[in-house]
Amino acid sequence: MHYTEMGMKQTSGSWDLWSPACPKCYRPVGAPDEEMLAGLGSCLLLVVALLGPGPRAQAMKGVKCGGVLSAPSGNFSSPNFPRLYPYDTECSWLIVVAEGSSVLLTFYAFDLEYHDTCSFDFLEIYNGASGDKGNLLGRFCGQVPPPPFSSSWHVMSVVFHSDKHVASRGFSAGYEKDMCGGVLTGLSGVLTSPEYPNNYPNNVECRWVIRATGPATVKLVFTDFQVEGNEECNYDYVAVLGGPGPAHGHHYCGSARPPTLVSLGHELQVVFKSDFNIGGRGFKAYYFSGECQEVYTSMRGNFSSPQYPSSYPNNIRCHWTIRLPPGYRVKVFFLDLDLEGPNSLTRTCDFDHLAAFDGTSEEAPLLGNWCGHQLPPPITSSHNQLLLLLHTDLSTTHRGFSVAYIGVVPMNVSCSRTDFQILISAQTLAPLERNKIYLGSRSCAAQEVGSNFRIQARFDTCGTESQRRNNTSLIVSMLYIDFSAGEQEDIHEYEVLCEPRRKEASVHLLSGSHWLGPYTATAEHLQEAPPRAEVEALEGQVAMVAQDTSDIVFLGLCILAGILMVIAIVVLMLL
């Protein structure tokens, strides 16, 4: 089996279309399926765009350059190197190694016409196919060579462009499969020890530099770890530098996974070293940087996929963590969703997908997994933290997603025929003072009862009014929770409803509707039931301070009226 420059794979005398940028298109010869046939047209277009004649080929004007490099290692250079490269030329190299491997690209010589934005002559390096600008690792010109680059999968592209004026010597570069180390600048990617998941070799030293764009930080999450261990970690080890802790960094060995690490600046270094004997399976870790990893701690906010509403990049895994104070729940509203659709055979989200977890890691319970463009309903965490993960594969991108979230205050709301009772854990709203929680007006502020804030208000007070909705008589009031700090006002408004006849209460979010997109037109139901133990404790406290006496009063009045009626009849008979 071997690969040709036209992206065809030969197997036992038969040919099958293959594109490294569209791996879902490949199937063994003689075993086509519905998905392959459905995607054949788009894959053909992709292969033609990458390797076939087009604007780039026409710009070469007879100069032979570019192609597919599929050997485990090799060298390539600009046309005529080390002599001056020709004018008005564009070359594209597609480096493809065995799936599951990575590519290390190194430059031996580099001399291109200089421009401050590299707009004239330049070299572009892509973590994948060059047709997807989301895979761009960098554009270079001048005489300073690019650093060594490692791909996060088995495909890398290099594009050389020269304009109609000024030429230089060009460049010379080499690549190797499964070599460790290099500079990683993508939004996200994967790091593994050499030959993972097989045992790593002895006497290896690898050094990766993960560099975020702009002022963003880098997050490193280990998913598998098995390295020869000893107490000092001075035989085989993984060292992480540039994060919090001692200046020399942290050293890890053994079989316990290192914690999630976040850089202090925009760069994180990872060093892997093995000695002359005893090895292990090694490690696998994901890194996230820039738009691809954020932690949100404000009471409400919104965010979207990288480059939204333009297409998101291929081959990324992005983490967004919402972390609120203890006691809160996180409610997420989906404002827009446009991802690659489900697998046509299994109807499951096997390709690009957005997943939500009820916690801060992928090991937490799954709240949902979505793809395509059907908008999911809102989701709510059971605790104060929620993780959204976006995974994209090696081909086909869409607009992405946009979400908004709000911190929901769990509360126990009840009503009788005459009044409202609202109970909220003081721990949930710490450090708010009681006058920041009020019903209708600030004169109806909450009282502190034990470890809770409590509001008990009769229907003829606190701005309460009667309304009729859907032929049902309701008592309506407004609950305000004031999170304002300094000059920034942030008041959450909840509509509290009671159906006196059934003594059923509910609460709905009203504030913030300007960022809830399709949810603006309706009041989204946001009453949250605390855990069972909390409910029992809250109900016990309510019983002590807010007993529903309306039925007792009603029965008492009926009995009194009956007694008075009997007395009146007896008096009339005596007269």
Side-chain angles (χ1 to χ4, degrees), residues 101-107 124-128 134-140 145-156 175-176 178-194 196 200 204-225 227 237-252 257-273 282-295 306-307 312-321 361-362 389-392:
S101 305
S102 60
V103 179
L104 175 65
L105 180 66
T106 306
F107 288 85
E124 291 182 330
I125 303 171
Y126 291 85
N127 183 34
N135 291 334
L136 181 64
L137 295 175
R139 174 183 280 201
F140 305 92
F149 277 100
S150 289
S151 65
S152 61
W153 53 302
H154 67 292
V155 178
M156 179 177 275
Y175 73 91
E176 295 178 275
D178 270 343
M179 295 300 292
C180 57
V183 177
L184 305 170
T185 61
L187 285 176
S188 72
V190 183
L191 279 183
T192 61
S193 50
Y196 176 88
Y200 54 80
V204 168
E205 183 168 349
C206 312
R207 183 179 297 268
W208 295 270
V209 176
I210 309 170
R211 189 171 294 153
T213 55
T217 58
V218 177
K219 180 165 71 173
L220 187 66
V221 180
F222 288 88
T223 58
D224 190 15
F225 196 86
V227 174
Y237 62 83
V238 174
V240 181
L241 301 89
H248 65 274
H250 294 271
H251 286 62
Y252 303 97
R257 275 188 299 171
T260 296
L261 300 167
V262 179
S263 65
L264 293 175
H266 71 286
E267 191 172 287
L268 200 65
Q269 295 187 48
V270 181
V271 178
F272 171 67
K273 189 177 185 306
F283 71 90
K284 180 179 182 180
Y286 291 100
Y287 68 87
F288 310 90
S289 67
E291 304 172 79
C292 224
Q293 59 97 11
E294 295 286 350
V295 178
Q307 304 175 15
Y312 49 80
N314 287 323
N315 196 39
I316 59 172
R317 289 174 66 89
C318 298
H319 275 189
W320 294 271
T321 303
S361 75
E362 297 175 52
L389 180 146
L390 173 66
H391 168 83
T392 70

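Starting from 1, each residue takes its place in the sequence as its number. Remember, it's a predicted structure, so these values are computed and weren't measured experimentally. Hydrogens, waters and symmetry mates play no part in the numbers below; they use all other heavy atoms, side chains included.
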Can a donor-acceptor pair be found, under 3.5 Å and without considering hydrogens, that links the side chain of [X] to the backbone of [Y]?
{"X": "Ser263", "Y": "Val218", "value": "yes"}
{"X": "Thr392", "Y": "Asn315", "value": "yes"}
{"X": "Thr106", "Y": "Pro148", "value": "no"}

Q) Can you list the steps and then say if Lys273 with Glu205 is a salt bridge (Lys or Arg N to Asp or Glu O under 4.0 Å)? A) CA-CA 4 Å; Lys273 189 177 185 306; Glu205 183 168 349; 5.2 Å; no
Nearest 0.5 Å, please: how far is [atom2] in [Y] from [atom1] in [X]?
{"X": "Glu267", "Y": "Ser289", "atom1": "CD", "atom2": "OG", "answer": "11.5 Å"}
{"X": "Glu362", "Y": "Leu389", "atom1": "CD", "atom2": "CG", "answer": "4.5 Å"}
{"X": "His319", "Y": "Cys292", "atom1": "NE2", "atom2": "SG", "answer": "9.0 Å"}
{"X": "Asn127", "Y": "Leu105", "atom1": "CG", "atom2": "CG", "answer": "11.5 Å"}
{"X": "His266", "Y": "Thr217", "atom1": "NE2", "atom2": "OG1", "answer": "11.5 Å"}
{"X": "Trp208", "Y": "Leu268", "atom1": "CH2", "atom2": "CG", "answer": "12.5 Å"}

Search all heavy atoms of [X] against all heavy atoms of [Y] and return the closest pair with its distance.
{"X": "Leu104", "Y": "Gly181", "value": "CD1-O, 3.3 Å"}
{"X": "Ser150", "Y": "Gly182", "value": "OG-CA, 3.6 Å"}
{"X": "Leu390", "Y": "Trp320", "value": "CB-CZ3, 3.6 Å"}
{"X": "Glu124", "Y": "Leu136", "value": "CB-CD1, 3.9 Å"}
{"X": "Cys206", "Y": "Val204", "value": "SG-CG1, 3.4 Å"}
{"X": "Tyr287", "Y": "Ile210", "value": "CD1-CG2, 3.5 Å"}

(Q) ring-ring contact (aromatic ring centres under 6.0 Å, His included) for Phe140 and Phe107? Distances and angles first, verdict last. (A) CA-CA 12 Å; Phe140 305 92; Phe107 288 85; 7.4 Å; no
Output all residues satisfying side chain to side chain contact (heavy atoms under 4.5 Å, CB included) with [X], sequence neighbours left out; order by chain, then residue number.
{"X": "Thr321", "result": "Lys219, Val295, Arg323, Thr360, Leu387"}
{"X": "Lys284", "result": "Val190, Thr192, Tyr196, Thr223, Asp224, Tyr286"}
{"X": "Pro258", "result": "Phe222, Phe225, Tyr252"}

Q) Going through the distances and angles, do Tyr175 and Met156 end up as a side-chain contact (heavy atoms from CB on, under 4.5 Å)? A) CA-CA 10 Å; Tyr175 73 91; Met156 179 177 275; over 6 Å; no
Q | Check: Leu191 and Phe283 side chains under 4.5 Å, non-hydrogen atoms | A | yes
